[in-house]
Enquirer: 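There's a structure below that I have some questions on.
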Amino acid sequence: MEILAKIDELDKVVAVIKELIASEDTIVILRGDLASGKTTFVKSFVKNLGIDELVTSPTFSIQSIYANTIYHYDVYNKTLEEFISLGLLEEFDKSGVHFIEWGDEKLEELLKSYGFKVLVLKIEKREDKRLYIINE
């Protein structure tokens, strides 16, 4: 599924993701170039849930948690082996929605092989808009 939207229209994309997630525990892998809007999407998702917390990219902390149910990871400079050795794979057993910025195909396949529900949201810059490509 593809949605073309401006930043101020992000609620449309959030609504689609929320519908796909339903009430299930889900991992959403966010892919896109630098400054494509991965963290901005997570901010919009958290705000849409009525959670009033500061959402920032967890680039240096690797993981942020919002309202004890939204998990946000940034694995930009991490290999799959580093991710596993940091114990982050066990975090996905926690109930909630897990957003992973920069998750690659190897991580996606590993998570699916463990039986996790995984969505991929690819974000492409298009002048003043973004193209959101959702793969289940």
Side-chain angles (χ1 to χ4, degrees):
M1 170 186 306
E2 295 184 1
I3 303 170
L4 186 64
K6 291 183 177 185
I7 294 295
D8 62 354
E9 301 171 323
L10 213 48
D11 282 345
K12 292 190 298 189
V13 185
V14 169
V16 170
I17 294 291
K18 282 174 60 177
E19 186 176 311
L20 290 171
I21 291 171
S23 61
E24 297 180 51
D25 298 334
T26 305
I27 298 168
V28 180
I29 296 177
L30 301 165
R31 295 187 182 138
D33 293 335
L34 284 170
S36 61
K38 295 177 293 297
T39 300
T40 300
F41 177 80
V42 176
K43 284 180 186 180
S44 184
F45 189 91
V46 169
K47 181 181 176 187
N48 188 281
L49 293 177
I51 300 168
D52 187 26
E53 290 192 40
L54 178 63
V55 176
T56 60
S57 178
T59 302
F60 300 106
S61 62
I62 301 173
Q63 179 192 52
S64 296
I65 303 170
Y66 313 109
N68 296 319
T69 59
I70 307 294
Y71 301 85
H72 186 194
Y73 311 84
D74 187 322
V75 296
Y76 178 66
N77 283 323
K78 300 286 181 256
T79 66
L80 183 57
E81 292 74 21
E82 288 174 311
F83 189 79
I84 292 169
S85 71
L86 289 168
L88 292 172
L89 200 55
E90 290 80 16
E91 290 294 298
F92 299 121
D93 287 328
K94 294 179 179 176
S95 185
V97 180
H98 299 259
F99 290 99
I100 307 172
E101 295 190 27
W102 301 102
D104 63 14
E105 289 81 11
K106 289 189 330 187
L107 178 59
E108 177 185 352
E109 291 307 313
L110 177 70
L111 294 170
K112 286 179 177 177
S113 75
Y114 278 98
F116 292 109
K117 179 179 177 182
V118 178
L119 293 177
V120 176
L121 177 60
K122 184 175 180 189
I123 305 171
E124 296 179 2
K125 292 190 256 185
R126 301 281 170 96
E127 296 175 16
D128 66 334
K129 296 179 182 176
R130 299 292 187 264
L131 179 63
Y132 299 89
I133 305 165
I134 303 164
N135 297 315
E136 295 180 72

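Not measured: the values here are computed from a predicted model.
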Enquirer: Say whether M1 and L131 are linked into one hydrophobic cluster, either directly or through other cluster members, by side-chain heavy-atom distances under 4.5 angstrom.
Expert: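 No.
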Enquirer: Measuring from I123:CD1 to I134:CD1, what's the distance to the nearest 0.5 Å?
Expert: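 Output value for this atom pair is 10.0 Å.
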Enquirer: Please confirm whether the backbone N or O of G103 pairs with a side-chain atom of R31, one donor and one acceptor, at under 3.5 Å?
Expert: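 Confirmed, R31 side chain pairs with G103 backbone.
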Enquirer: Would you please name every residue forming a side-chain hydrogen bond (donor to acceptor under 3.5 Å, both in side chains) with S61, sequence neighbours left out?
Expert: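 S61 satisfies side-chain hydrogen bond (donor to acceptor under 3.5 Å, both in side chains) with no other residue.
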Enquirer: Answer yes or no: is there a donor N or O on one side and an acceptor on the other, between the side chain of K38 and the main chain of G32, under 3.5 Å?
Expert: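 Yes; judged by distance alone, with no hydrogens or angles, the pair exists.
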Enquirer: Name all residues meeting the side-chain hydrogen bond (donor to acceptor under 3.5 Å, both in side chains) criterion together with Y71; count only those two or more places apart in sequence or in a different chain, and write none if there are none.
Expert: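 None.
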Enquirer: Indicate the atoms forming the closest heavy-atom contact of Y66 with L54, along with that distance.
Expert: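 For Y66 and L54, the tightest heavy-atom pair comes out as CE2-O, 3.5 Å.
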Enquirer: Distance-only, no hydrogens or angles: does the D33 side chain make a donor-acceptor pair with backbone N or O of S36 under 3.5 Å?
Expert: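 Answer holds: no.
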Enquirer: Going by heavy atoms in the side chains, are T26 and V118 under 4.5 Å from each other?
Expert: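 No; the side chains remain at least 4.5 Å from each other.
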Enquirer: In chain order, what residues pass the side chain to side chain contact (heavy atoms under 4.5 Å, CB included) check against L110, with sequence neighbours excluded?
Expert: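 Applying side chain to side chain contact (heavy atoms under 4.5 Å, CB included) to L110 gives L80, I84, L89, S113, Y114.
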Enquirer: L34 and V75: same hydrophobic cluster, using ILVMFWY side-chain contacts below 4.5 Å?
Expert: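 In one cluster with L34: V75, yes.
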Enquirer: Anything under 3.5 Å between a donor and an acceptor, one on a side chain of residues 39-52, the other on a protein residue two or more places apart or in another chain? List them.
Expert:
residue: T39; atom: OG1; partner: E101; partner atom: OE1; Å: 3.3
residue: T39; atom: OG1; partner: E101; partner atom: OE2; Å: 2.6
residue: N48; atom: OD1; partner: K18; partner atom: NZ; Å: 2.6

Enquirer: Is there a path of hydrophobic side-chain contacts, each under 4.5 Å between heavy atoms, that joins Y76 and I29?
Expert: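 Yes: a chain of side-chain contacts under 4.5 Å links Y76 to I29.
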Enquirer: Who pairs with E24 by salt bridge (Lys or Arg N to Asp or Glu O under 4.0 Å), at least two apart in sequence or on another chain?
Expert: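 Expected list: K117.
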Enquirer: Run through V28, I62, V55 and flag the one making a side chain to side chain contact (heavy atoms under 4.5 Å, CB included) with H72.
Expert: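 The single option meeting the side chain to side chain contact (heavy atoms under 4.5 Å, CB included) with H72 is V55.
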Enquirer: Side-chain heavy atoms nearer than 4.5 Å, only ILVMFWY residues, links allowed to pass through others: does that put V14 and V16 together?
Expert: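 Yes; tracing contacts between hydrophobic side chains, which count when under 4.5 Å, links both residues.
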Enquirer: Under 3.5 Å, which donor-acceptor pairs do the side chains of residues 93-100 form with other protein atoms, sequence neighbours left out?
Expert:
residue: K94; atom: NZ; partner: E91; partner atom: OE1; Å: 3.0
residue: K94; atom: NZ; partner: E91; partner atom: OE2; Å: 3.2
residue: S95; atom: OG; partner: D25; partner atom: OD1; Å: 2.9
residue: H98; atom: ND1; partner: Y73; partner atom: OH; Å: 2.8
residue: H98; atom: NE2; partner: K94; partner atom: O; Å: 2.9

Enquirer: Do L88 and F116 share a hydrophobic cluster, counting only Ile, Leu, Val, Met, Phe, Trp and Tyr and linking them when any side-chain heavy atoms are less than 4.5 Å apart?
Expert: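 The answer is yes; both residues are in one hydrophobic cluster.
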Enquirer: List in chain and number order the residues that pass side chain to side chain contact (heavy atoms under 4.5 Å, CB included) with E9, two or more places apart in sequence or in another chain; answer none if no residue qualifies.
Expert: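 Residues passing side chain to side chain contact (heavy atoms under 4.5 Å, CB included) with E9: A5, K6, K12.
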Enquirer: Scan for salt bridge (charged side-chain N to carboxylate O under 4.0 Å, His left out) pairs involving residues 66-82, sequence neighbours excluded, and state none if there are none.
Expert: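 The answer is none; no pair qualifies.
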Enquirer: Between CG of L10 and CZ of R130, what distance do you get to the nearest 0.5 Å?
Expert: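 Result: 10.0 Å between the selected atoms.
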Enquirer: Applying salt bridge (Lys or Arg N to Asp or Glu O under 4.0 Å), can you list everything that pairs with K122, at least two apart in sequence or on another chain?
Expert: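 Partners of K122 by the salt bridge (Lys or Arg N to Asp or Glu O under 4.0 Å) criterion, ordered by chain and then number, come out as E124.
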Enquirer: Does the side chain of D11 reach to within under 4.5 Å of the side chain of V13, using non-hydrogen atoms?
Expert: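 They are not in side-chain contact.
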Enquirer: Under the side chain to side chain contact (heavy atoms under 4.5 Å, CB included) rule, collect the residues that match up with E90, sequence neighbours excluded.
Expert: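 Here no residue qualifies.
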